[in-house]
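Please read the structure below before turning to the comments.
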Amino acid sequence: MELLETGGRARTVKCCSGSGPALPWDRFSAWLECVCVVTFDLELGQAIELVYPHDMRLTEKEKTSICYLSFPDSYSGCLGDTQFSFRIRQTVGHKLSMNGDEEKYNRDAPVVLQRDRAHYYGFVYFRQVKDSTVKRGYFQKRPPIRMPLSFGEFSSPTAVLGVCNEVDQWPAPVPGKLLSLPVMGVVIQVRIPSRKDKHGTSPLKQSNQENLLPAPMVIPTVNELDLFGCFQSILIHIQMLWELMLLGEPVIVMATSPKISSDTVLALTSCIAPLRYCCDYRPYFTIHDTEFKEYTTRTQAPPNVILGVTNPFFIKTFQHWPHIIRIGEVRMSGDLPKQIKVKKLMKLRTLDTKPGIYTSYKTFLHKDKTLIKRLLKGIQRKRPAEVQSVIVRLHLLELTQSFIIPLERYVASLMPLQRTITAWKNPPQIRPFIKEEFMKTLEYAGPQLTSVQKGDWIGLYRRFLKSPNFDGWFRMRYQEMCKKLEILHLEVLCEADLLRWVREKSEVEVVDLVLKLREKLIKARVHQLPVRDDLLEKLELYLETVISSLPDDLQVVLHRH
C-alpha cells in the first residue's frame with residue numbers, strides 16, 4: 001500500500017483558519033495527498049486497486065511510477081512485511097504556488113521539513129506472503145499507511161476509507177505543537193519540529209494529557225532517522241559521506257532491499273542538517289522510473305542526484321558514476337560490524353562485486369578518529385542504538401554548524417543597516433555575495449573558531465560555493481532577507497506621519513502612495529508576514545483617511561479597485 005505526500009514529512013493546511021468549516025478531505029490533505037492500494041496480477045502486472053480520496057487526480061505517468069515503485073525490484077526478495085519510501089517528480093502543470101497557511105508552515109518549520117511542491121513523497125507498506133491459491137504462489141499487496149502499527153487486513157476498501165476518515169479529523173500539522181492523532185484505536189502523540197527548536201535536541205512538550213486516550217504511542221519528532229543503524233558498516237567513512245552530501249556529488253547507493261536503500265539515502269541527505277539538501281534524491285529507484293534514461297545517459301556528466309537501487313543490473317549501468325556505495329547485509333566481525341572499504345572505481349565490474357565505497361574522492365578534512373573509536377567502543381559495550389544515533393547526529397550537526405556559521409555571518413553583513421530604511425523611499429538593496437570577499441573573512445572568522453576538525457577548510461569552501469547546495473541555501477537566505485526588508489519598511493511606514501506628508505503632495509503622488517500601501521498590506525496579509533496586527537490596523541486607518549482626502553471621483557475609483 002502506499003501513502004503519498006507532497007512536501008517534507010508533513011504537509012500543510014489547505015483551508016485558512018477562520019474561513020469556515022473544513023470541507024471534506026481538507027484536513028486529510030493537510031497531511032497526505034492520497035492513499036493508494038497497489039496489487040500485483042500475474043497477467044496484468046502492477047495495478048492501482050484503490051485511491052483515496054476518489055477525486056485525486058494522478059497522471060498516467062505518476063500512476064505508472066507509483067505502481068513500479070510500490071514493489072521491491074525483481075532481484076530483491078522481500079517475503080513478509082517491509083516498509084520503504086520513494087520520491088518522484090510531480091507532473092508539470094500541478095499547482096506550484098503556496099497559499100498563506102502553507103507559507104506560514106514553511107516559515108515555522110525547519111528547512112528539511114518544508115513543503116516541496118515539485119515532488120511526491122511515497123511511503124510504502126509492502127506485504128508478500130505465501131498463498132497456494134495464487135498462480136505465483138504468493139499474495140503481494142501494498143496496504144496504505146506507513147506507521148508503526150499492525151494493520152492486519154488493511155487493504156480492504158472499508159478499512160482504508162475508515163483510516164482516511166480518521167485522518168480527515170486530525171488537527172493541522174503545526175510546527176512546535178504537540179499533536180494527538182487517533183487512528184485505528186490508538187492515539188499517536190507526535191511533535192513536528194519547529195525552526196525555533198534548539199538544534200540537536202527533540203523536546204516533547206507534554207500538554208493536554210487529559211484529552212489523550214490511554215497509553216498513547218509517542219513519536220518525539222517526525223524526522224529523526226536511525227543514523228547509527230544506517231551507517232553501521234560505513235562508520236569509518238562518515239567524514240567522506242558528509243563532504244559528498246555537502247558538495248551535492250552524484251552518488252549511487254546499491255543495497256540488498258528497498259528498505260536499506262531508502263533508509264540509507266534519507267540518512268545521507270540528513271547528514272548536513274540543518275542545511276537543506278538541495279539536489280535531487282531518490283530513496284528507491286528502478287529501471288522503470290521515468291527518469292531512467294535521463295540518469296543513465298553517458299553523453300554528459302552524471303547529474304547531482306543520489307539514487308538508491310537494488311537491482312544488480314545497475315552495477316554495469318552506473319559504472320561511469322564517480323561515487324558508488326555498495327551495502328550488503330551488516331555482518332559482525334567479532335563484536336563489531338564489518339566496515340566496508342574504499343575501493344577504486346575500476347574494480348566495479350562484475351555482478352558479484354563486494355560491498356564497498358567505490359570512489360577516487362579525497363576528503364578535504366581529516367577523519368575524526370575519536371568519534372569512530374567512541375562509536376565502536378559503544379558497540380562493544382552494547383550502548384543503546386538510540387544513544388549511538390544521537391552521538392552521530394550531534395557530531396554531524398556540529399560539523400555542519402561550524403561550516404555554515406562563517407557563511408551566515410558574511411551574509412548578515414550584506415543586509416542594509418536599519419537606519420538606512422525610510423518611509424518615503426524604496427528599501428535599499430541587499431549587497432551581492434562576492435565569493436572572494438567571503439573567502440578573505442575565513443582568515444579571522446572561519447570554522448577554526450568553533451571546530452577542532454583539521455584539514456583543508458578553504459578548499460572545501462571553494463568547492464561548496466560551486467555546488468547546488470550553496471545556490472539553494474543562498475537563494476533561500478536571500479528571500480528571507482528580502483522579506484525582512486519588507487517587514488522593516490512596513491514597520492517604518494506604520495510609524496510615519498502619512499497625513500502630514502500627503503498635504504504637500506499632488507493627487508498623482510497620493511494615489512501612487514495609496515496603491516503602494518495597498519500592495520504592501522495585501523502582501524503582509526497573504527504571506528502572513530510577522531508584523532504586529534495593531535501596526536497593520538493603524539496603517540489601514542491611515543490609508544482610509546488619505547483616500548477620504550481625495551476628490552469624490554478618485555475615492556470611488558480607489559474603493560472600487
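We number each residue from 1, following the sequence as shown.
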- Task: Kindly determine whether Q388 and L375 satisfy side chain to side chain contact (heavy atoms under 4.5 Å, CB included), including the steps that lead there.
- Result: CA-CA 7 Å; Q388 294 277 76; L375 291 169; 3.8 Å; yes
- Have D280 and Y295 got a donor and an acceptor in their side chains that come within less than 3.5 Å? yes
- Query: So, the side chain of N304 versus the backbone of C279: is there a donor-acceptor pair under 3.5 Å, distance only?
  - Reply: no
- Message: By the definition side-chain contact (heavy atoms from CB on, under 4.5 Å), identify the one residue from L227, D368, T400 that meets it with H395.
- Response: D368
- Message: Set out, in order, the CA-CA distance, both residues' side-chain angles and the distance that settles ring pair (Phe, Tyr, Trp, His ring centres under 6.0 Å) for F464 and F403, then state yes or no.
- Response: CA-CA 10 Å; F464 177 73; F403 183 83; 5.0 Å; yes
- Any side-chain donor near an acceptor of the partner, R87 and H119, under 3.5 Å: yes
- Please check if the side chain of T64 supplies one atom and the backbone of E60 the other of a donor-acceptor pair under 3.5 Å. yes
- Go through I272 and W242 one step at a time and tell me if the side chain to side chain contact (heavy atoms under 4.5 Å, CB included) criterion holds. CA-CA 7 Å; I272 59 173; W242 178 81; 4.0 Å; yes
- Message: Quick one: does any side-chain atom of Q46 pair with a main-chain N or O of F71 as donor and acceptor, under 3.5 Å?
- Response: no
- Item | Between Q189 and S180, a side-chain donor and acceptor under 3.5 Å | no
- Do you see a donor-acceptor pair shorter than 3.5 Å between the side chains of R276 and Q114? yes
- Query: Does Q339 use its side chain to pair, donor to acceptor, with the backbone of I236 at less than 3.5 Å?
  - Reply: yes
- Message: Quick check: do F231 and L268 have side-chain heavy atoms less than 4.5 Å from each other?
- Response: yes
- Are S389 and D226 close enough that a side-chain donor and a side-chain acceptor fall under 3.5 Å? yes
